[in-house]
Amino acid sequence: MERYDPQAIERKWQETWEREQAFVVPNPADPQAADDRPRTYVLEMLPYPSGELHMGHVFNYTLGDVVSHVKRRQGVIVLRPMGYDAFGLPAENAAIREGGHPREISERNIDSIRRQMHRMGWSIDWTREVSTSDPTYYRWTQWLFLRFYEAGLAYRKEAPVKWCPNDQTVLANEQVIDGRCERCGAEVVAKNLEQWFFRITEYADRLLDEMALLESWPERVLTMQRNWIGRSTGAEVVFRVEGTDVELPVFTTRPDTLFGATFFVLAPEHQLVGDLIRSTDTERAVIDYVGHAGATTAVERADTEREKTGVFTGRYARNPVNDELLPIWVSDYVLMEYGTGAIMGVPGHDARDFEFATRFGLEIRQVVEPADGSPVELPYVERTTGARSMSSGQFSGLETPEAIDAIVEWLESEGLGKATVGYRLRDWLLSRQRYWGAPIPVVHCEVCGLVPVPDDQLPVLLPEVDDYKPKGRSPLAAAEEWVRTTCPECGGPARRETDTMDTFVDSSWYFLRYADPRNDQLPFDREIVDFWLPVQQYIGGVEHAILHLLYARFFTKVMNDLGLLGFREPFLRLFTQGMITRNGAKMSKSKGNVVSPDAMVERYGADAMRLYILYMGPAEADKEWHDSGIEGIARLLDRLWRLGLEVADAGRADGDLGLELVRTAHRTIAKVTDDLERRFQFHTPIAALFELVNDIYRAKEESGSEAAVRFATETAVSLIQPYAPHLAEELWQRLGHERLWQEPWPEPDPAMLEQASFDLVVQVNGKLRDRVTVAVGLSDEALVEHAKALPRVASQVDGKEIRRAIVVPGKLVNFVV
RNA sequence: GCCGGGGUGGCGGAACGGGAGACGCGGGGGACUUAAAAUCCUCUGUCCUUCGGGGCGUGCGGGUUCGACUCCCGCCCCCGGCACCA
């Protein structure tokens with residue numbers, strides 16, 4: 001018999017799909033007049049083109065491929081594009097290391113990864129391919145930046161920013177993990193620099209509230225975004241420094257504890273510290289402390305185990321609710337970046353304030369108690385209806401939520417404060433001092449100041465430079481001729497902005513460009529984008545839960561506000577796949593635990609690789625790679641191959657189909673379809689296919705009808721097609737058919753799902769005792785009689801009284817004795 | 001500390017309130033073969049057994065239910081996010 005040769009079969013079908021444009025979906029000439037055939041947009045996160053495709057890619061794109069194939073065969077038009085997130089540091093660092101231009105390195109890597117993707121047989125509309133580093137793409141990234149700028153959503157300001165000393169560039173807050181650069185792990189340092197920002201904070205509420213528009217996102221991703229945005233509601237309360245008219249506002253989420261304030265603290269960086277201590281006895285000590293705090297790294301300072309430090313300023317602030325004087329301290333446990341950089345110290349009801357007060361012997365006062373009046377140890381931080389105010393003047397006795405409302409209302413009426421909302425989210429720092437990114441399309445004119453480059457002068461092309469090495473300023477600055485330009489407004493001398501954009505800007509709108517990838521008038525036509533989007537199913541790694549997904553949502557909302565598109569959320573359904581690990585760790589070159597998909601494909605074929613990566617376990621869970629696991633899949637494919645050839649050889653088989661094997665095939669159709677569609681579960685359908693193939697072999701052995709074997713085999717081939725499209729096409733053809741990818745997805749015959757008989761489970765006191773095959777449709781009484789007659793049941797019941805018999809028709813009988 | 005997810009054989013995992021461990025890997029035994037590979041058959045949670053079967057088993061302790069891996073309450077442990085965020 002002809003051996004199963006995946007290499008030959010896969011090559012043949014990949015060429016066929018290419019030749020027949022199998023997965024190309026053209027845009028309608030007039031989106032508004034387009035037919036109402038159902039359509040969908042299945043998207044996976046675009047790859048960064050390093051030279052090698054890795055297991056994460058294989059997993060990600062195979063998931064999307066299975067979804068796409070099934071949808072297509074159900075009559076849905078599926079848009080499934082692919083592109084490359086090609087700007088960024090790895091290509092640039094390679095250019096520095098090995099010489100050459102980052103563009104050449106990127107292009108080489110793209111060619112390589114494209115070849116590998118084709119080799120996997122993924123059903124992609126390759127006519128829509130885009131690369132973010134291509135001028136025809138970044139022209140529109142720049143165009144969008146200018147729209148943001150006009151809308152006041154892109155701005156430049158000097159601010160304390162995070163600087164990576166290794167990559168020699170500033171970073172967005174989102175790119176700093178535990179005080180370290182997300183990319184290289186170097187400890188970041190704070191610098192005061194003038195930089196470009198996107199005003200994402202203006203969208204903080206909408207990024208939270210419009211989560212309600214999402215159809216299906218993993219809870220953990222929503223949680224991460226909520227945590228990241230970090231909205232907390234509270235009040236701003238104004239304290240006045242005694243003996244001056246200096247006002248110090250504080251932000252608090254617990255205005256109900258104002259009566260418990262016994263001290264006041266400023267962050268060391270607070271700009272009023274200097275004024276307050278000028279020419280006082282404490283000036284020297286405070287300056288020393290501030291200097292000392294400034295030398296502490298962010299990582300050290302974030303250590304909550306560290307003992308609290310601080311220094312008294314000699315000044316007092318007046319508590320607006322009771323006119324008490326509170327000593328003003330300076331301490332680095334108060335952060336300048338959050339709230340107002342000043343807090344009221346309420347040691348009775350805040351763990352940090354408690355620690356500080358204990359350390360420096362400050363008064364600790366209780367103003368909240370459990371609602372039942374029971375005694376409690378301080379600090380008591382409960383803030384629900386389980387707590388109530390005490391010793392708080394007119395607010396005493398109110399439960400905490402009401403006390404907060406009442407006191408905020410009172411503060412507002414007295415002009416002492418107001419309700420406010422605090423966020424953890426910071427504006428998105430988008431400028432980078434690196435070469436391989438989209439230039440920010442702005443010029444600096446001595447006369448006119450910042451001037452945007454006019455649309456008709458886009459793209460601002462990257463200049464050619466010799467040295468990509470970062471030196472603390474953008475390598476673009478070395479291209480002196482490029483930098484020197486004329487002001488678009490006054491025609492006078494001007495200098496180009498030399499920073500480039502964060503690559504996350506590029507990937508914040510690529511999914512829109514796919515809809516209209518060759519448009520040279522606009523980034524995309526609104527009607528076409530509204531025709532295809534929002535994305536119905538987005539699939540990618542959970543590592544993008546905050547960065548990319550938050551930025552893309554922000555971009556979409558802004559573009560919606562600017563009238564560029566007609567929806568507010570880009571991705572209605574999100575699926576985050578788990579990580580593939582080996583020896584308990586993420587695969588990485590430095591750990592030397594990488595399994596190359598290429599090698600697996602060479603040895604077992606793309607079909608086996610595709611099936612195995614989905615068979616490993618639930619798609620959302622992290623999974624440990626075992627080399628031996630793929631052997632079982634290889635056996636399955638080989639068994640199916642031999643079965644297919646035998647059936648094809650036997651030719652047309654007529655005869656009776658009413659056999660158990662045919663029922664099994666129909667049950668498998670129902671199971672596979674339900675798992676894929678309703679449960680979004682990809683590994684259990686493969687188990688069902690194993691069972692079906694095993695059953696076919698068994699039936700053949702027991703000389704089942706040839707017609708039934710043929711039907712079951714064709715069903716298995718048809719069902720495995722989304723997973724193993726090459727083998728499935730080949731067998732489908734040999735079985736005398738045409739193109740399986742155009743064949744409707746099978747539907748189970750309801751009559752075939754009906755059973756003539758079933759195994760009745762018999763329990764005594766809820767424990768399984770026996771089972772018996774009985775006809776379907778018997779009365780409850782008849783089932784009980786059948787069950788009672790069983791010897792193993794009788795021996796269990798033996799002498800005891802049957803108090804009750806629970807009958808679940810078609811399933812079981814349970815005797816309670 | 002707050003928020004989210006999870007804990008089932010040697011391993012990956014299945015079980016959608018009703019048969020715990022489907023399916024696969026690994027392992028034992030056997031057939032075919034001069035031999036090996038491939039292929040095929042068979043056993044494989046655990047303890048007891050007179051070989052009929054029986055006891056125990058889904059992190060721990062309670063509860064709801066005729067019946068709980070599944071639902072509820074309280075713990076323990078692991079993973080992820082946030083965190084001196086006031």
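Per chain, numbering begins at 1; letters A, B, ... match sequence-line order.
- A:N694 comes within contact range of the sugar-phosphate backbone alone, with a heavy-atom separation under 4.0 Å but no base atom that close.
- Nearer to the 5' terminus of RNA chain B, by closest-nucleotide assignment, is the contact made by A:F690 (compared with the other of A:G339 and A:F690).
- With P as the reference atom, B:rG59 and B:rG27 are 28 Å apart, rounded to whole Å.
- The residue A:R642 sits close only to the backbone: its heavy atoms come under 4.0 Å of sugar-phosphate atoms, none of a base.
- On the P atoms, B:rA68 is 26 Å away from B:rC76, given to the nearest whole Å.
- Look at CG on A:D178: it is 7 Å from P on B:rC82, rounded to the nearest Å.
- Rounding to whole angstrom units, CE of residue A:M211 and P of B:rG81 are separated by 17 Å.
- As the counterpart of B:rG17, no nucleotide is assigned, since no Watson-Crick or G-U wobble pattern has both distances under 3.5 Å.
- For A:T223, no side-chain nitrogen or oxygen approaches OP1 or OP2 of B:rG80 to under 4.0 Å.
- The partner of B:rC2, taking Watson-Crick or G-U wobble pairs whose two distances both stay under 3.5 Å, is B:rG81.
- Comparing the P positions of B:rC73 and B:rC3 gives a spacing of 14 Å, expressed to the nearest Å.
- Distances were taken from every side-chain heavy atom of A:R639 (C-beta onward) to each of B:rC3, B:rG54, B:rC40; the shortest belongs to B:rC40.
- OP1 or OP2 of B:rC25 lies within a sub-4.0 Å distance of a side-chain N or O belonging to A:R635.
- Among B:rC84, B:rG81, B:rA86, the nucleotide with an atom closest to any side-chain atom of A:Y333 is B:rC84.
- Using P as the reference atom, B:rC40 and B:rG4 are 49 Å apart when rounded to the nearest Å.
- Between the P atoms of B:rG21 and B:rC72, the separation comes to 25 Å (whole Å).
- Taking OG1 of A:T581 as the start and CD of A:E624 as the end, the distance is 4.0 Å to the nearest 0.5 Å.
- Taking 3.5 Å as the limit, the base of B:rC66 and the side chain of A:R803 contain no donor-acceptor pair of atoms between them.
- Nearest nucleotide to the A:D675 side chain, out of B:rC84, B:rG18, B:rC16: B:rC16.
- In this model, no donor atom of one side chain and acceptor atom of the other lie less than 3.5 Å apart for A:T358 and A:E355.
- Between B:rC51 and B:rU39, the two C1' atoms lie 34 Å apart (nearest whole Å).
- Regarding A:Q796, its CD atom lies at a distance of 6 Å from the P atom of B:rG54, rounded to whole Å.
- Between B:rG5 and B:rA37, the distance separating the two C1' atoms is 45 Å to the nearest Å.
- Syn is the conformation of B:rG52, whose glycosidic angle sits no further than 90° from 0.
- Under the 3.5 Å distance criterion, with hydrogens and angles disregarded, no donor-acceptor pair is assigned to the side chains of A:Y615 and A:T684.
- With distances taken from any side-chain atom of A:W228 to the nucleotides B:rC84, B:rG81, B:rC82, the minimum falls on B:rC82.
- A:Q225 and A:T223 are not linked by any side-chain donor-acceptor pair at a separation below 3.5 angstrom, with hydrogens and angles left out of the test.
- Salt-bridge annotation for A:R220 and A:E620: absent, with no side-chain N of the basic residue lying under 4.0 Å from a carboxylate O of the acidic one.
- Rounded to an integer number of Å, the gap from A:M336 CE to B:rC84 C1' is 16 Å.
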Protein-proximity profile, nucleotides 5-14 of chain B, B/S/- by nucleotide at the 4.0 Å heavy-atom cutoff, equals ------SBSS

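- Side chains of A:W228 and A:E174: a donor-acceptor N/O pair is present below 3.5 angstrom, by distance only.
- Among the atoms of the strands shown, only primed sugar atoms or phosphate atoms (P, OP1, OP2) are found under 4.0 Å from some heavy atom of A:V816.
- In this model, a side-chain donor or acceptor of A:N814 finds a partner on the base of B:rC66 within 3.5 Å.
- Applying the Watson-Crick and G-U wobble criteria (two distances, each under 3.5 Å), B:rC40 pairs with B:rG30.
- Between A:Y289 and A:T309, the side chains place a donor N or O and an acceptor N or O closer than 3.5 Å (distance only, hydrogens not considered).
- Of the candidates A:Y723, A:F682, A:W625, A:W625 is the only one forming a ring pair (Phe, Tyr, Trp, His ring centres under 6.0 Å) with A:Y612.
- Across all strands, A:R231 comes closer than 4.0 Å to no nucleic acid atom at all (heavy-atom distances).
- No contact: A:V381 has no heavy atom under 4.0 Å from any strand.
- If you check B:rC84, B:rC56, B:rC82 against the side chain of A:D332, the one that comes closest is B:rC84.
- Against the 90° criterion about 0, the sugar-base torsion of B:rG27 places it in the anti range.
- In this structure, the CG atom of A:D627 is 20 Å from the P atom of B:rG24, given to the nearest Å.
- The partner of B:rC56 is B:rG45, by the rule that a Watson-Crick or G-U pair needs both atom distances under 3.5 Å.
- Because its NZ or CZ atom is both nearer than 6.0 Å to the ring centre of A:Y333 and within 45° of the ring axis, A:K308 counts as a cation-pi partner of that residue.
- Between the P atom of B:rC66 and the CD1 atom of A:I806 lies a distance of 7 Å, rounded to the nearest Å.
- Comparing atom distances between the A:K767 side chain and each of B:rC56, B:rG18, B:rG26 picks out B:rC56 as nearest.
- Using modelled atom types and a 3.5 Å distance limit, the side chains of A:D256 and A:S389 yield no donor-acceptor pair.
- When all heavy atoms are compared, the tightest approach of A:A357 to A:I364 is CB-CG1, 4.0 Å.
- When each of A:A342 and A:R792 is assigned the nucleotide of RNA chain B bearing its nearest heavy atom, the one mapping closer to the 5' terminus is A:R792.
- The separation between A:N765 atom CG and B:rG18 atom P is 19 Å, rounded to whole Å.
- Residue A:L335 contributes atom CG, which lies 6 Å from atom C1' of B:rC84 at whole-angstrom precision.
- Of the P atoms belonging to B:rU70 and B:rU8, the separation is 13 Å, rounded to the nearest Å.
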